[in-house]
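As the structure is a computational prediction, the values presented were derived from the model and not from experiment. Note: hydrogens, waters and symmetry copies are ignored here, and every other heavy atom, side chains too, is used. Along the sequence shown, the residues carry numbers beginning at 1.
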Amino acid sequence: MTSSVIVGEDEEDSFTKPLGRLSVFYYGVGHMLNDITASCWFTYLLLFLTQIGLSPRDAAIVMLSGQVADGFATIFIGELIDRFGHFKIWHAAGSLLVAISFSSVFGGCLPCSILHSTSLTIETLSYSTFAAIFNIGWAATQVSHMAMVNCITLNSTSRVALTSSRNAFSMVANLGLYAIALVVFGVSKADTKENTESQYRWIAYSCITVGCCFVIIFLMGTKEPRLRINLRESNRTRIPWAYWFKKILYYQVAVVYLLTRLVLNVSQAYLAFFVIDDLQMAQSAKALIPAIIYICSFVVSVMLQEIPWNGKRLKAYYCAGGIIWMFCGVSILLLPRSINSFMYAISVFIAISMQSVLIGSELGGCAFVCGSLSFLDKMSCGLALYVLQSHQSATSPQVDVNIQHSFNFSVTRYGLGLVPAVCSFIGVAVTYFMELDSTILKRLCQPLLLE
């Protein structure tokens with residue numbers, strides 16, 4: 001974030017002092033609503049929509065509308081915040097949109113109730129509209145919250161503390177969702193459409209209540225940042241967009257980042273489908289297996305953060321994670337229903353591979369690189385899910401090829417097993433030929449996409 005506002009010496013001294021623990025805490029909880037709703041969105045949205053009667057293609061349209069809105073909103077909202085500031089106003093407005101639209105998606109079709117209609121077209125339009133609003137609000141909250149870090153303090157230690165606090169509460173939010181889902185799925189049955197809607201309504205309202213409480217704490221405890229980072233803080237001039245298009249490494253990073261996000265998002269979207277429809281596990285598995293993956297992933301991430309990184313080491317860990325994902329993909333494709341408990345073991349390996357490929361994709365260079373990669377991420381994920389769900393509607397969900405062992409292929413197996421395995425293979429191949437900086441960097445504090 002840049003601005004022409006110049007900070008006085010006395011005022012600058014106050015911004016270089018370390019922040020207190022309460023200030024760090026207040027900032028850290030500001031993204032809880034986004035984190036808990038986003039986790040629910042990717043894990044359960046497609047499953048919820050198909051369970052209440054939408055076709056897989058219509059469910060994918062809802063997801064795609066949200067991803068497209070998110071991709072464009074992230075770019076435009078970032079530019080508006082950069083020009084006009086008022087971070088807390090953007091954050092509050094975004095949180096309000098998130099709360100209203102999220103409850104309108106998982107709370108049932110509001111226009112259908114008003115018009116007393118059971119039309120699937122109206123349902124699809126309603127859910128698609130609120131999905132787009134949700135993602136616009138989500139982008140406003142995310143961008144404003146992330147941008148505040150450099151405008152709250154000039155102290156590098158405090159900036160790290162703010163980011164670490166945000167990541168810690170992100171973990172709390174995700175585990176909170178799965179705890180809520182585990183309780184709801186455990187105490188209620190989804191034997192009818194009304195009961196299914198009731199299940200997800202309770203999960204949605206619980207998420208919104210918890211998230212909004214923390215948003216209020218954030219807004220009351222955090223002051224509007226008065227600091228603007230001016231161009232003197234960086235000795236480098238702004239790099240034109242055309243510069244990156246001339247670099248082979250930009251395209252390599254774009255491919256690896258896009259494939260990595262596809263692995264994470266597509267697998268998360270189809271995990272609940274797989275354990276319920278293909279393996280026919282208990283309803284509680286929809287919450288328990290994602291929770292196992294997230295806890296193991298968090299433990300691995302803590303361990304990886306203590307490693308001094310350079311280009312070669314990043315490539316090695318990314319490739320290792322990709323190979324593990326290929327193993328997990330083959331295991332998921334061939335896992336018989338009769339030994340579905342093996343899925344708990346596979347989930348641990350999925351967590352390790354996810355964290356390994358994710359840390360290998362954290363390659364930055366400038367705002368354009370981050371923005372363009374984020375835009376590609378949103379669009380590719382939405383399109384991939386749409387294509388998979390379209391094939392789901394055109395074919396039988398399950399095709400038995402070995403009745404004796406209760407083994408079957410389905411689009412869900414392809415989405416959770418084959419797609420991530422193929423993306424990992426291509427990502428590993430591209431990463432192998434990357435030329436990255438080999439200088440030892442402590443905890444990824446410098447960009448690897450060098451100029």
Side-chain angles (χ1 to χ4, degrees), residues 39-63 106 120 127 177-178 181-182 184-186 188-200 203 263-293 328-347 350 381 384-421:
S39 184
C40 182
W41 189 265
F42 277 103
T43 306
Y44 298 123
L45 178 64
L46 291 178
L47 181 64
F48 164 71
L49 293 175
T50 53
Q51 285 184 338
I52 63 173
L54 263 66
S55 69
R57 183 190 293 269
D58 289 341
I61 290 175
V62 175
M63 176 69 82
F106 286 98
L120 292 178
Y127 287 127
L177 164 70
Y178 297 131
L182 186 61
V184 172
F185 293 142
S188 62
K189 295 181 179 180
D191 48 359
T192 64
K193 178 181 178 180
E194 289 73 19
N195 289 343
T196 299
E197 289 180 338
S198 178
Q199 275 188 337
Y200 288 99
I203 293 174
V263 169
L264 299 176
N265 292 333
V266 173
S267 59
Q268 185 177 7
Y270 278 103
L271 184 59
F273 276 107
F274 180 65
V275 298
I276 297 300
D277 294 340
D278 287 65
L279 299 185
Q280 296 188 353
M281 300 176 72
Q283 290 290 317
S284 58
K286 290 189 293 186
L288 192 55
I289 287 180
I292 292 173
I293 292 175
C328 293
V330 173
S331 300
I332 289 170
L333 282 173
L334 302 179
L335 181 64
R337 186 181 301 160
S338 56
I339 56 171
N340 54 23
S341 58
F342 188 63
M343 186 61 198
Y344 291 101
I346 294 178
S347 65
I350 290 176
C381 175
L385 291 174
Y386 178 79
V387 171
L388 286 169
Q389 289 294 94
S390 297
H391 283 83
Q392 180 91 311
S393 63
T395 60
S396 175
Q398 297 182 355
V399 181
D400 292 334
V401 297
N402 191 333
I403 299 177
Q404 181 179 359
H405 296 286
S406 300
F407 178 79
N408 56 78
F409 281 109
S410 67
V411 172
T412 302
R413 281 187 186 264
Y414 291 133
L416 185 60
L418 184 61
V419 172

**Student:** Where is the tightest heavy-atom contact between Tyr270 and Gln389, given as atom of each residue plus distance?
**Tutor:** OH-OE1, 2.7 Å

**Student:** Would you name the heavy atoms of Ala269 and Leu46 that are closest together and state the gap between them?
**Tutor:** CB-CD1, 4.1 Å

**Student:** State which residue, out of Asp58, Ile61, Leu54, fulfils the side-chain contact (heavy atoms from CB on, under 4.5 Å) condition with Tyr127.
**Tutor:** Leu54

**Student:** Is the shortest side-chain heavy-atom distance between Leu416 and Asp278 below 4.5 Å?
**Tutor:** no

**Student:** Please report the closest heavy-atom contact between Ile52 and Lys193, naming both atoms and the distance.
**Tutor:** O-CE, 3.1 Å

**Student:** Which atoms form the tightest heavy-atom contact between Gly53 and Leu120, and what is the distance?
**Tutor:** O-CD2, 4.0 Å

**Student:** Where the side chain of Ser390 meets the backbone of Tyr386, is there a donor-acceptor pair that is under 3.5 Å apart?
**Tutor:** yes

**Student:** Which word best sums up how the rings of Tyr178 and Tyr44 line up, parallel for under 30°, tilted for 30 to 60°, or perpendicular for over 60°?
**Tutor:** perpendicular

**Student:** Assess whether side-chain contact (heavy atoms from CB on, under 4.5 Å) is satisfied between Leu288 and Met281, documenting all intermediate values.
**Tutor:** CA-CA 11 Å; Leu288 192 55; Met281 300 176 72; over 6 Å; no

**Student:** Indicate the atoms forming the closest heavy-atom contact of Pro420 with Ser267, along with that distance.
**Tutor:** CG-CB, 4.3 Å

**Student:** Indicate yes or no: at least one non-hydrogen side-chain atom of Leu271 is less than 4.5 angstrom from one of Pro290.
**Tutor:** yes

**Student:** Please walk me through it: do Phe106 and Glu197 pass side-chain contact (heavy atoms from CB on, under 4.5 Å)?
**Tutor:** CA-CA 7 Å; Phe106 286 98; Glu197 289 180 338; over 6 Å; no

**Student:** Going from OG on Ser55 to CG on Leu49, what distance comes out if it is rounded to the nearest 0.5 angstrom?
**Tutor:** 10.0 Å

**Student:** Donor-acceptor check, side chain of Arg413 to backbone of Phe274, threshold 3.5 angstrom: yes or no?
**Tutor:** no

**Student:** Measuring only between side-chain heavy atoms, which start at C-beta, is Ile203 closer than 4.5 Å to Phe185?
**Tutor:** yes

**Student:** How far apart are the closest heavy atoms of Lys189 and Gln199, and which atoms are they?
**Tutor:** C-NE2, 3.9 Å

**Student:** So do Met63 and Trp41 actually touch side chain to side chain, heavy atoms under 4.5 Å?
**Tutor:** yes

